[in-house]
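The structure under discussion appears below in the form of structure tokens.
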Amino acid sequence: MIEDVYAVENIIPEHEPERQFFYIKKMQEIVFAKEQEYGRKLTYHISTFGCQMNFKDSEKLAGVLEEIGYVEVDDEKADFCLYNTCTVRENANSRVYGRLGYLGKLKSKRPEMIIAMCGCMMQEEHVVETIKKSYRFVDIIFGTHNIYKLAELLFTYFAENSEIKKKHKMVVDILKGTDQIVEELPSKLKASFKAGINIMFGCNNFCTYCIVPYVRGRERSRKPEDIINEIKDFVSKGVIEVMLLGQNVNSYGKNLENPISFAELLRRVDEIEGLKRIRFMTSHPKDLSDELIEVMKNAKKVCHHIHLPVQSGSSRLLKKMNRVYSKEDYLRLIDKIRAAIPDIAITTDIIVGFPGETEEDFEETLDVVRYAKYASAFTFIYSKRTGTPAASFPDQVDEATIKDRFDRLLKEVGKYSEEYAKSLEGQVMSVLVEERDREVDPEKNYLTGRLDNNLLVHFEGSDDLIGQIINVKLSECKGFYYIGERYML
Ligand code: 5AD
Ligand code: SF4
């Protein structure tokens, strides 16, 4: 009897992760019963918006769903459809509302479908209110602090909407913040040979334009031994590249019971046998230590690439942004890194149109671009986020001026990235072969490989190379990528 599965009072474990393993088992029973009823497997689909953190969260969510018995499908016509949302800029929000309209239509044709929303957008009260009011077909809402609870939330949903009761009840579970880090739950890697590893969660920096500290909470670091063990476990399953993830990895470990620096963590990860490449993201310039530069220089596996968001080149604006460094500090840092690691690829994030940005401020940004000669840069138009200090700053810049500056910035950034890519043409470099490429030239049997510096090269080769690190000659630079050929000694 499927109803018996809901009789769980008094037997629910109190602690994590045991509690979630309990709910995973319960959900396995429910999903199995549904499979019998439908005569097929139950399916899931996750759409992920935003940054690497969200993509990592989605891998964890997928891990739990697969453990429960769901199988993944490519589009939203699934039994369980989850949107993992981003709210760092307004256009990310608009896209989600647009897609929700489509999901509503799908659900009206397939009422048994479950629609769930999670991620940064859900941490904003006004978003949850809007969904409750205007998108009542949504079934489950949760935030960034409790993704580990997916099995429990699904169980609650099924229990509250079970056949006997019939009435639709939305399950909403948003925590304002948390100190908890739940380890050991399953996770499903998108690629079998590379993995993102959370080393810390949240951010304490409160840059005045940024909503992240409000939706992802205060900084919490994972214990180094948990991180090392997770990486070792991944390596034993075939992973050769890891990306260490945090909003500001340079402040990793400061608040642990036994404090440890990010540089020291990196040194320990570098020693893991079988691991071949290490990346990390993101570094705040204000906390980048000499120790880190030294470790990057001497480590065997750390890629010579650093993402170092500058945001603006104007010291005046950097102050208003609460970035805690000046233009000169930033340029000195670039010099120091380049002196230690001459072949390093430096990339950045830049915001155009921060409130009060004058032509002179913008010229300072262009000046930094020219000096730093970034290998690539993500450029963003300032987006006003409700609740952040900058949203109420005077002198919001008008749209036409922003557009003009944005175009000029793109041109300047493009010039240097092309120059950088061109400078490596003809060299032989090691690449991690990631996938088959069908877009660059469908006639050719191209694979895509990623260089140490994060650029891509397409070259002919067989499928068995996927997941391996091999040497490739960068025969022809095509602007931001290369056409190459496998190089054997
Ligand atoms: N408007 C535009 N860009 C933003 N970013 C963060 N908040 C905003 C905002 N309100 C950019 C920053 C950050 C990147 C992840 O997103 O450049 O480094
Ligand atoms: Fe946002 Fe600044 Fe934190 Fe980055 S460091 S997540 S830009 S507040």
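When a ligand or atom number is given, it counts from 1 through the structure's own listing order.
Side-chain atoms of D139 come within 3.5 Å of backbone N or O of I115 as a donor-acceptor pair. Distance alone, capped at 3.5 Å, is enough to place a donor-acceptor pair between the R220 side chain and the R218 backbone.
Taking every heavy atom of N205 and a limit of under 4.0 angstrom, the matching atoms of ligand 2 come to 5 (S). When each atom of ligand 1 is checked for a heavy atom of R385 under 4.0 Å away, the hits are 10 (N). The distance from ligand 1 to the heavy atoms of Y382 drops below 4.0 Å at these ligand atoms: 1 (N), 2 (C). Each of the atoms 5 (S) of ligand 2 lies under 4.0 Å from some heavy atom of H284. Numbered from 1 in the order shown, with element, the atoms of ligand 2 that lie under 4.0 Å from a heavy atom of C207 read 2 (Fe), 5 (S), 7 (S), 8 (S). Applying the 4.0 Å criterion to heavy atoms of P213 picks out, from ligand 2, the atoms 8 (S).
Proximity of atom 4 (Fe) of ligand 2 to the protein is not indicated, since no non-hydrogen protein atom lies closer than 4.0 angstrom.
Contact check on K301 versus E241 returns no salt bridge, with no Lys/Arg side-chain nitrogen under 4.0 Å from an Asp/Glu carboxylate oxygen. Ionic pairing of R267 and E291 is present here: one or more N-O contacts between side-chain nitrogen and carboxylate oxygen are shorter than 4.0 angstrom. Salt-bridge check for R405 with E412: failed, with every basic side-chain N at 4.0 Å or more from each acidic carboxylate O. At a threshold of 4.0 Å, the pair D290-K336 counts as salt-bridged, since one of the basic side-chain nitrogens sits closer than that to a carboxylate oxygen.
Within the 2.8 Å limit, C203 places no N, O or S atom next to atom 2 (Fe) of ligand 2.
Remark: of the listed residues V302, I337, L266, D287, L266 is the sole one forming a side chain to side chain contact (heavy atoms under 4.5 Å, CB included) with L292.
Here I381 has backbone heavy atoms under 4.0 Å from ligand 1, and that is the only part of it that gets that close. Of all the heavy atoms of R89, the ones lying under 4.0 Å from any atom of ligand 1 belong exclusively to the side chain. With a 4.0 Å cut-off on non-hydrogen atoms, R216 does not touch ligand 2 at all. Within the 4.0 Å heavy-atom criterion, the part of I351 lying near ligand 1 is the side chain and not the backbone. When heavy-atom distances to ligand 1 are checked against a 4.0 Å cut-off, F380 comes that close only through its side chain, counted from C-beta outward.
Of the protein's heavy atoms, Y209 OH, 3.4 Å lies nearest to atom 7 (S) of ligand 2. The protein atom (non-hydrogen) at minimum distance from atom 1 (N) of ligand 1 is S383 N, 2.9 Å. Of the protein's non-hydrogen atoms, D349 OD2, 3.8 Å is the one closest to atom 15 (C) of ligand 1. The protein heavy-atom contact nearest to atom 6 (C) of ligand 1 is V88 CG2, 3.5 Å. Taking atom 1 (Fe) of ligand 2 as the reference point, the nearest protein heavy-atom neighbour is C210 SG, 2.3 Å.
Remark: ligand 1 and Q311 share an N or O pair separated by less than 3.5 Å (distance only, no angle test). Remark: ligand 1 and Y209 share an N or O pair separated by less than 3.5 Å (distance only, no angle test).
Between H284 and Y325, the ring planes lie perpendicular to each other; the angle is over 60°, past the 30° to 60° tilted range.
In summary, the side chains of T87 and R385 do present a donor paired with an acceptor at a separation below 3.5 Å, with no hydrogens or angles considered. The closest side-chain donor-acceptor pair between N322 and T208, if any, does not fall under 3.5 angstrom.
Cation-pi check for R95 over F49 is not met; the charged atom does not lie both under 6.0 angstrom from the ring centroid and within 45 degrees of its normal.
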Would you check, one step at a time, whether the test side chain to side chain donor-acceptor pair (under 3.5 Å) holds for S47 with H45? CA-CA 7 Å; S47 287; H45 176 76; 3.2 Å; yes

